[in-house]
There are 2 protein chains.
Amino acid sequence: MTEPTATRPRRSDATRAAILRAARERFAAEGYDRATIRAIAADARIDPSMVMRYYGSKEGLFAAAAEFDLRLPDLADVPPNQLGEVLVRHFLDRWESDETMAALLRTAATNPGAAERIRAIFAEQVAPAVAQAAPADLPRRAGLFASQMLGLALTRYVLRLPPMVEMDRADLVAWVAPTVQRYLLGTPGA
Amino acid sequence: MTEPTATRPRRSDATRAAILRAARERFAAEGYDRATIRAIAADARIDPSMVMRYYGSKEGLFAAAAEFDLRLPDLADVPPNQLGEVLVRHFLDRWESDETMAALLRTAATNPGAAERIRAIFAEQVAPAVAQAAPADLPRRAGLFASQMLGLALTRYVLRLPPMVEMDRADLVAWVAPTVQRYLLGTPGA
DNA sequence: GTCTATAATTCGATAGAC
DNA sequence: GTCTATCGAATTATAGAC
C-alpha cells in the first residue's frame, strides 16, 4: 500500500527540479544566450532532450527558472525611520540567498522578454510595497528606490567593482539606507 | 598636387568609420552575443569579410568600439556644494550623447572582458576624479557613487522602468544629486 | 521515460578571384 | 580593396527507437 492513489505519485519530479536548479545556476552565471541547454542538461546529469520534453523550449525553461518573489515584508509594520535599513538588509538577503535575480538581471541586459519581467516585478511587487510606506509621488519614489537597489546589485554581484565587493554588510547598510529613506519619505532637496 | 605625400592619404578610412559606427549601435542595442558581424556589416553597407579584414575578429571589433572617455571635469574647480548636481548632469549628458557606454553595460552583464573594461574605467577615470573632491574613504565613496550612477543608467536606458524613463532631467537631478553629494562628502549616518 | 541520431539554422572565420 | 563562396563549429529543436 505504498502507492499514493489520490494526488498521483509525482513520479520523477526530481528530474524537473534538477533541471530547474541547474538552469538557474547557468542563467545566473552566464545569461540567457551563453547558457546552453546542453550545458544545463550536463549539470543536471540528464539528456538535453529531456529539457525540451519538460519545458518545451529554451524560452519556456527560462520562464520557469525566472519565477521570482521578492518576499517584501509589509512595510506598514515597519517604523518609518527604519524603512531604509530594513529594505536594504532585505534586498541583500534575497540577492545572496537566491541566484534567480542575478540570472534575470544578467539576461535582461540583452533580452527584451527578461527586461519585461523585471518591469513586471517592479510593478507587481516593488511599487505596491512602496505605496504602503510613501506619502505621494509613488511611481517616482519606487523608481528611484529601484535605481539604487539595482545599481547596488549590479556593481556588487554582476560587475564586481572591487570597493563594492569588499564593503561588508554593515557599512553597505549604513551608507545606502539613508538614500532609500530619502527616496521613500524625503523631499528632492533634502 | 592633391596627393598628400607625408602622412599618407588615409584612403578609405570612411569604411572603417562606418563599421565602427554601426558596431557601436548594434552592440549598444543588443549586446555582444546578439550583435552579429553580418548585421553590423549590413548596417554599414559593406561586406562582412571587410569587418574581419579591418578588425581581425569580433573581439577586436568590440575592443575598438568600446573605447570610451567619460570626460570628467576637474572636480577641484567645482564648488563643493554643487558636486552632486554637476556630476549627475554630466553623466546624463554623456549617456545620452554616446551609446558606447550602453553597449559596454549591456555586454558586461554576460561578458567577463567587458566587465573588466568597466572596472578599468572605474579605476582609471572615476576613482581619480572622486579623489580630487572627497576627503577620505576614497575607494568606498567612488564605489557608492558608481552604484547610483550605474543604477540610474540601468533602470533608465537599459531596463526602461517607466517611472525612470518618464522623469525629466530636472527632477532626476533634484532627487539624485543629494545622494551623490552625500556619497562624496557626507558621512554614512547623514 | 530516456536516449540516439539528425534536421535546420546561424555564426565566426578563411581562401581566393577580380 | 572589395566581394563570392564556403568551411567548420555550435546551437535549438524534432523524430523515433528502446
Side-chain angles (χ1 to χ4, degrees), chain A residues 3-4 7-27 29-66 103 106-107 110-114, chain B residues 2-4 7-66 103 106-107 110-114:
Chain A
E3 296 169 280
T7 62
R8 195 143 98 239
R10 298 292 192 167
R11 170 70 189 285
S12 197
D13 266 359
T15 303
R16 288 186 79 98
I19 293 173
L20 218 52
R21 193 159 4 104
R24 272 196 254 266
E25 272 182 32
R26 283 282 172 178
F27 283 134
E30 308 175 359
Y32 185 83
D33 286 323
R34 298 172 107 92
T36 67
I37 288 185
R38 292 163 138 84
I40 290 167
D43 290 350
R45 301 296 194 68
I46 51 99
D47 192 272
S49 67
M50 299 307 298
V51 177
M52 303 300 297
R53 180 169 181 84
Y54 283 137
Y55 294 98
S57 69
K58 188 178 182 182
E59 286 216 355
L61 174 62
F62 181 77
R106 279 203 145 94
T107 301
T110 50
N111 187 306
Chain B
T2 54
E3 296 168 281
T7 63
R8 195 146 94 239
R10 297 291 192 171
R11 170 69 188 287
S12 195
D13 266 358
T15 302
R16 288 185 81 97
I19 292 173
L20 218 51
R21 194 158 3 105
R24 272 195 255 265
E25 272 182 33
R26 283 281 173 179
F27 284 135
E30 309 175 358
Y32 185 82
D33 286 322
R34 297 171 108 90
T36 67
I37 288 186
R38 291 164 140 86
I40 291 167
D43 290 350
R45 303 294 195 68
I46 50 98
D47 192 273
S49 66
M50 300 306 298
V51 177
M52 303 300 298
R53 181 169 181 84
Y54 283 136
Y55 294 98
S57 68
K58 189 178 181 181
E59 285 217 355
L61 174 61
F62 182 78
R106 278 202 147 93
T107 301
T110 50
N111 186 306

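Numbered from 1 within each chain, the chains take letters A, B, ... in sequence-line order.
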Quiz item: Given that B:Glu59 and B:Arg53 both sit by DNA chain C, which one's nearest nucleotide is further toward the 5' end?
Solution: B:Glu59
Quiz item: Just how far, in rounded Å, is C1' of D:dT2 from CD1 of B:Ile19?
Solution: 11 Å
Exercise. Specify the residues of residues 41-51 of chain A, ordered by number, for which at least one heavy atom lies under 4.0 angstrom from an atom of DNA chain D.
Key: none
Quiz prompt | Separation of atom CG in B:Leu61 from atom C1' in C:dC11, rounded to whole Å | solution = 15 Å
Quiz item: In whole Å, what is the span from the CD1 atom of B:Ile40 to the P atom of C:dA13?
Solution: 11 Å
Quiz item: Could you state the CD1-P distance from A:Ile37 to C:dT6, rounded to the nearest angstrom?
Solution: 20 Å
Quiz item: Is a side-chain N or O of B:Arg106 found less than 3.5 angstrom from the main chain of A:Thr110, in a donor-acceptor match?
Solution: no
Exercise. Write down the distance between CZ (B:Arg26) and P (C:dC11), rounded to a whole number of angstrom.
Key: 11 Å
Quiz item: Nearest of D:dG1, C:dA13, C:dT2 to any side-chain atom of A:Tyr54?
Solution: C:dT2
Exercise. Rounded off to whole Å, could you give me the CZ-to-P distance for the B:Arg38 and D:dA5 pair?
Key: 14 Å
Exercise. With rounding to the nearest 0.5 Å, note down the distance linking OH in A:Tyr32 to CZ in A:Phe62.
Key: 8.0 Å
Quiz item: Is there a donor-acceptor pair under 3.5 Å between the side chain of A:Lys58 and the backbone N or O of A:Thr36?
Solution: no
Self-check item: Distance, rounded to the nearest Å, where B:Arg34 contributes CZ and C:dT9 contributes P
Solution: 19 Å
Quiz item: Does the pair B:Leu61 and B:Tyr54 meet the rule for a side-chain contact (heavy atoms from CB on, under 4.5 Å), with working shown?
Solution: CA-CA 8 Å; B:Leu61 174 61; B:Tyr54 283 136; over 6 Å; no
Practice problem: Over all heavy atoms of both residues, which pair between A:Arg24 and A:Ala64 is shortest? Give the atoms and the distance, please. | Solution: NH1-O, 4.0 Å
Practice problem: Might you work through the side-chain contact (heavy atoms from CB on, under 4.5 Å) test for B:Tyr55 and B:Leu20, ending with a clear yes or no? | Solution: CA-CA 10 Å; B:Tyr55 294 98; B:Leu20 218 51; 3.6 Å; yes
Quiz item: Roughly how many Å is it from CE in A:Met52 to C1' in D:dT11, rounded to a whole number?
Solution: 11 Å
Quiz item: Given the rule in the side-chain contact (heavy atoms from CB on, under 4.5 Å) test, do B:Ile46 and B:Val51 qualify, once you have shown the distances and angles that lead to the verdict?
Solution: CA-CA 8 Å; B:Ile46 50 98; B:Val51 177; 3.9 Å; yes
Quiz item: Picking from D:dT2, D:dT14, C:dG12, which would you name as closest to the side chain of B:Thr15?
Solution: D:dT2
